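Working notes, structure below.
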Amino acid sequence: MQLSKSEEELMNILWKQKKAFMKDLLDAYPEPKPATTTVATLLKRMADKKFIDYKSFGRSREYFPLVKKKDYFSKHVNGLIKNFFNDSASQFASFFTQETNLSKAELEELKKLIDVEIEKK
């Protein structure tokens with residue numbers, strides 16, 4: 001299951017804060033801040049999708065992520081590779097390196113990362 005763009009934005013706030021009450025979440029949004037009811041609706045949807053949970057403290061709820069950011073985006077990227085690049089990591093890498101206007105230094109850093117992974121195999 002995936003998050004909508006609005007849910008992803010809220011999830012990113014929650015990943016940064018690790019756990020937060022509604023006030024903390026609203027404070028983390030840039031201006032113009034969304035309505036409390038909007039954030040409450042997003043939180044309910046995300047809880048229904050099992051991305052977050054909460055602990056109740058009286059009438060307040062402290063929300064926390066159930067899914068790690070790395071796991072979510074790893075699944076997202078793998079789906080992207082499968083659906084748009086014929087399940088070919090090399091096609092994805094080719095597209096990524098050619099279409100993102102990376103600098104020579106960034107490409108060299110990527111190469112180092114790849115070399116480290118090759119050494120591990």
Side-chain angles (χ1 to χ4, degrees):
M1 207 175 281
Q2 286 189 313
L3 296 170
S4 69
K5 194 146 187 85
S6 302
E7 291 166 344
E8 254 180 35
E9 184 180 8
L10 180 54
M11 195 70 193
N12 271 312
I13 293 169
L14 204 47
W15 277 321
K16 279 183 193 163
Q17 296 188 1
K18 297 189 177 38
K19 53 186 177 178
F21 291 96
M22 174 68 78
K23 181 189 180 321
D24 304 320
L25 296 170
L26 285 167
D27 288 346
Y29 272 95
E31 293 292 340
K33 296 185 184 300
T36 304
T37 53
T38 302
V39 175
T41 299
L42 292 172
L43 289 167
K44 173 154 182 15
R45 278 197 239 144
M46 291 161 62
D48 290 346
K49 292 178 181 180
K50 306 281 189 246
F51 279 94
I52 66 166
D53 203 358
Y54 60 86
K55 290 181 187 172
S56 293
F57 294 92
R59 293 182 59 199
S60 297
R61 292 177 175 175
E62 183 180 46
Y63 296 92
F64 55 91
L66 293 175
V67 175
K68 293 179 180 157
K69 186 174 188 174
K70 180 182 174 187
D71 294 341
Y72 178 73
F73 285 103
S74 174
K75 193 170 187 177
H76 217 59
V77 169
N78 286 327
L80 187 73
I81 292 169
K82 183 176 183 174
N83 295 325
F84 293 99
F85 297 97
N86 300 319
D87 213 7
S88 169
S90 59
Q91 280 184 22
F92 170 74
S94 174
F95 176 84
F96 177 76
T97 56
Q98 291 172 10
E99 300 297 325
T100 55
N101 297 320
L102 297 172
S103 68
K104 184 176 179 180
E106 290 169 321
L107 286 168
E108 287 173 356
E109 186 61 32
L110 258 177
K111 185 178 181 301
K112 285 180 195 172
L113 291 169
I114 291 168
D115 289 342
V116 166
E117 289 303 312
I118 290 171
E119 290 296 318
K120 290 180 184 177
K121 304 281 179 186

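This structure is a prediction, so every number in the text was calculated from the model and none was measured.
Looking at M46 and M11, their side chains come closer than 4.5 Å, going by heavy atoms from C-beta outward. Proximity of L113 to V116: side-chain heavy atoms (C-beta onward) are nowhere separated by under 4.5 Å. Side chains of E7 and R45 form a contact here, defined as non-hydrogen atoms less than 4.5 Å apart. Side-chain contact check for K33 versus E31: some heavy-atom pair is nearer than 4.5 Å. Using a 4.5 Å heavy-atom threshold, the side chains of K112 and E109 count as touching.
Each of T38, I52, L43 was compared with L10 under the side chain to side chain contact (heavy atoms under 4.5 Å, CB included) criterion, and only L43 meets it.
Among all heavy-atom pairs drawn from P65 and L14, the shortest one is CD-CG, 3.9 Å. Between I81 and A89 the shortest heavy-atom distance is CG2-N, 3.9 Å.
A donor-acceptor pair under 3.5 Å is formed between the side chain of T41 and the backbone N or O of T37.
For F21 and Y63, the gap between ring centers reaches or exceeds 6.0 Å.
Dense packing is recorded around OH of Y29, with more than 12 heavy atoms of other residues, nucleotides or ligands lying under 6.0 Å away. The neighbour count for K69 NZ, taken as heavy atoms of other residues, nucleotides or ligands under 6.0 Å away, is above 12.
Ionic pairing of K23 and D27 is present here: one or more N-O contacts between side-chain nitrogen and carboxylate oxygen are shorter than 4.0 angstrom. Comment: E8 does not engage K5 in a salt bridge, judged by the lack of any side-chain N to carboxylate O separation of less than 4.0 angstrom.
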#### Entry: Candidate pair Q17 and K19, rule side chain to side chain contact (heavy atoms under 4.5 Å, CB included), full reasoning
CA-CA 5 Å; Q17 296 188 1; K19 53 186 177 178; over 6 Å; no

#### Entry: Stepwise salt bridge (charged side-chain N to carboxylate O under 4.0 Å, His left out) check, K44 with D48
CA-CA 6 Å; K44 173 154 182 15; D48 290 346; 3.0 Å; yes

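Clustering ILVMFWY residues whenever any of their side-chain heavy atoms sit less than 4.5 angstrom apart, transitively, puts L80 in a cluster other than the one holding L3. Linking ILVMFWY side-chain heavy atoms closer than 4.5 Å, directly or via other members, places F73 and I13 in a single hydrophobic cluster. When the side chains of ILVMFWY residues are joined at heavy-atom separations under 4.5 Å, either directly or via intervening members, Y54 and V67 end up in a single hydrophobic cluster. L66 and W15 fall into different hydrophobic clusters, where Ile, Leu, Val, Met, Phe, Trp and Tyr residues are linked whenever their side-chain heavy atoms come under 4.5 Å apart, directly or through other members.
Note that CD of E62 and CG of D53 are 11.5 Å apart. Values are rounded to the nearest 0.5 Å.
Y72 and Q2 share no side-chain donor-acceptor pair at under 3.5 Å. S4 and S6 share no side-chain donor-acceptor pair at under 3.5 Å.
Taking the six-membered ring where the residue is Trp, F96 and F92 present parallel rings, their angle staying beneath 30° rather than reaching 60°.
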